[in-house]
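Right, one structure below, let's go through it.
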Amino acid sequence: MFCALGSAVCFGTASVLQAVAARATAPGTGSGSGVDPRLLLRVLRQWRYLLGLALDGCGFLLELVALRSLPIYAVGAALAASLAVTAVVAVPLLHVRLSRAEWTAVAVVCGGLAMLGLASGAEGKGTGSTGLRFGVLAVALAILASGALAGRLPDRARAAALGLGAGFGFGVVEVAVRLIPDLSPAPLLSNPATYALLIGGGAAFLLLTSALQRGSVTAATAGMVIGETLGPALIGIVWLGDRTRAGLAPLGFAGFALAVLGALALARFGEAPEVAGAAAGGPDSAAEPAASGPRGAREHP
């Protein structure tokens with residue numbers, strides 16, 4: 001659990017750096033799609049993005065360790081808590097003010113994770129069937145292919161769809177790690193889950209980077225949280241044998257729900273460019289998302 005929470009700290013900090021870099025990068029022209037593969041090449045020139053990638057690398061290693069010891073649902077909920085990390089870090093570093101409701105959401109996330117920590121058993125003993133491994137690979141390929149279609153949706157729907165696709169991609173990584181029991185070269189290269197991990201992770205980064213740059217990051221982040229928690233948790237329970245400690249299933253379910261709902265309430269903290277703008281305005285400036293519509297629109301003082 002310590003490794004899972006450390007991973008959330010790395011990912012939560014990296015997301016701010018990467019969002020700033022993505023928004024500072026020219027979108028370019030070409031396919032007209034909301035997904036631009038060349039965007040990754042352009043943002044790699046930004047030092048903030050490179051630092052974010054380094055933190056992502058550390059976070060991924062910690063995630064791997066956690067997935068070898070904990071059920072997928074516990075690790076997924078801990079990773080969703082990276083939004084709480086982003087919100088808290090933004091207060092001293094970017095002079096952002098959190099509302100009472102947002103501080104409550106941070107507390108809810110922490111409480112949910114504490115409940116999960118108490119209720120979680122060891123990881124399930126299942127290693128998955130060959131059919132499940134090929135199925136996860138097929139999902140990874142479908143996520144990559146569907147990104148271009150999602151990029152043609154209207155603005156807010158596009159951001160949510162790209163974020164959801166990115167969440168599914170990160171979810172593929174979580175599941176694929178559990179489907180790779182043998183790390184020696186020959187079994188590793190012959191395992192479809194290995195390629196699912198690589199394709200799913202790459203597709204997730206591409207879709208999330210595009211979502212951060214081209215639409216409401218609040219909607220994209222909410223979609224990502226849903227995609228990377230619910231599906232993988234269900235697969236872990238149904239096919240891989242993940243369970244809670246005896247008699248603590250209600251506590252585990254409640255903790256998972258609280259952690260995910262609290263993270264969704266903090267989804268606006270993927271909106272790093274506006275947070276940075278608030279910082280430039282001083283401690284009295286409020287961070288506002290670029291989202292539009294009844295849920296995303298906010299009144300500026």
Side-chain angles (χ1 to χ4, degrees), residues 1-12 58-88 103-129 131-133 135-136 139 167-168 170-183 193 196-197 200 222 224-266:
M1 198 65 184
F2 179 81
C3 289
L5 295 176
S7 181
V9 171
C10 292
F11 289 143
C58 293
F60 180 65
L61 292 177
L62 291 171
E63 179 187 354
L64 290 181
V65 175
L67 284 167
R68 292 291 181 178
S69 304
L70 287 177
I72 292 177
Y73 64 80
V75 178
L79 295 181
S82 63
L83 290 172
V85 173
T86 300
V88 172
W103 278 118
T104 300
V106 171
V108 166
V109 169
C110 294
L113 291 176
M115 294 165 67
L116 266 180
L118 291 172
S120 296
E123 67 169 346
K125 300 302 181 183
T127 57
S129 64
L132 181 58
R133 293 185 178 91
V136 171
V139 169
F168 286 146
F170 290 128
V172 164
V173 171
E174 294 173 24
V175 175
V177 169
R178 289 282 299 278
L179 298 178
I180 306 175
D182 191 343
L183 298 179
L197 187 153
M224 183 187 70
V225 168
I226 293 171
E228 73 177 348
T229 54
L230 300 185
L234 183 62
I235 291 174
I237 292 171
V238 175
W239 281 288
L240 299 177
D242 288 346
R243 296 293 184 268
T244 62
R245 294 179 183 176
L248 294 181
L251 183 66
F253 178 81
F256 179 85
L258 287 175
V260 173
L261 290 175
L264 289 174
L266 295 168

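Keep in mind that what you see is a predicted model, and the values were worked out from it rather than measured. The basis for the numbers below is simple: all heavy atoms, side chains too, and nothing from hydrogens, waters or symmetry mates.
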| request: Could you check if a side-chain atom of F60 sits within less than 4.5 angstrom of a side-chain atom of V173, using non-hydrogen atoms only? | output: yes
| query | Do the non-hydrogen side-chain atoms of V88 and V106 ever get within less than 4.5 Å of each other? | reply | yes
| query | How far apart are the closest heavy atoms of G128 and L240, and which atoms are they? | reply | N-CD2, 3.6 Å
| said: Go through it in stages, so that I can follow the logic: the residues are V136 and I235, the test is side-chain contact (heavy atoms from CB on, under 4.5 Å), and I'd like the CA-CA distance, side-chain angles, deciding distance and then a yes or no. | reply: CA-CA 10 Å; V136 171; I235 291 174; 5.5 Å; no
| Minimal non-hydrogen separation, V177 against R68, with atom names | O-NH2, 3.6 Å
| Checking side-chain contact (heavy atoms from CB on, under 4.5 Å) for the pair I72/V175: CA distance, chi angles, key distance, verdict? | CA-CA 7 Å; I72 292 177; V175 175; 4.2 Å; yes
| note | In short, C58 meets C10 closest at the heavy-atom pair CB-SG, 4.0 Å
| message | Please check: side-chain N/O of S82 versus main-chain N/O of L79, any donor-acceptor pairing under 3.5 Å? | response | yes
| message | Can you confirm whether F168 sits close enough to E228 that some side-chain heavy atom of one is under 4.5 Å from a side-chain heavy atom of the other? | response | no
| Between the side chain of S7 and the main-chain N/O of C3, is any donor-acceptor distance below 3.5 Å? | no
| Is R245 reaching over with its side chain to a backbone N or O of S120, donor-acceptor style, under 3.5 angstrom? | yes
| query | Nearest heavy-atom pair of V172 and A196: which atoms, and what distance? | reply | CG1-O, 3.4 Å
| said: Contact between V109 and L258 at the side-chain level, heavy atoms closer than 4.5 Å - yes or no? | reply: no
| query | How about F2 and L62: do any of their side-chain heavy atoms sit closer than 4.5 Å? | reply | no
| field | Side chains of V108 and L261 in contact at under 4.5 Å (non-hydrogen atoms) | value | no
| query | About how many Å separate SG of C110 and CG of L5, when rounded to the nearest 0.5 Å? | reply | 9.0 Å
| Just by modelled atom types, is the R243 backbone N or O under 3.5 Å from a matching donor or acceptor in the Y73 side chain? | yes
| query | Can you tell me how far CG of L113 sits from CG of L118, rounded to the nearest 0.5 angstrom? | reply | 11.0 Å
| field | Expected output: side-chain T244 to main-chain A249 donor-acceptor under 3.5 Å | value | yes
| field | From L116 atom CG to F253 atom CZ, the distance as rounded to the nearest 0.5 Å | value | 11.0 Å
| query | So how far is it from M224 CE to L264 CG, rounded to the nearest 0.5 Å? | reply | 10.0 Å
| note | For A176 and A193 the tightest heavy-atom approach is CB-O, 3.5 Å
| request: Search all heavy atoms of A4 against all heavy atoms of A78 and return the closest pair with its distance. | output: CB-CB, 3.8 Å
| query | Any side-chain heavy atom of L179 within less than 4.5 Å of one from L132? | reply | yes
| said: Within the structure provided, determine whether E63 and E174 are in side-chain contact (heavy-atom separation under 4.5 Å). | reply: yes
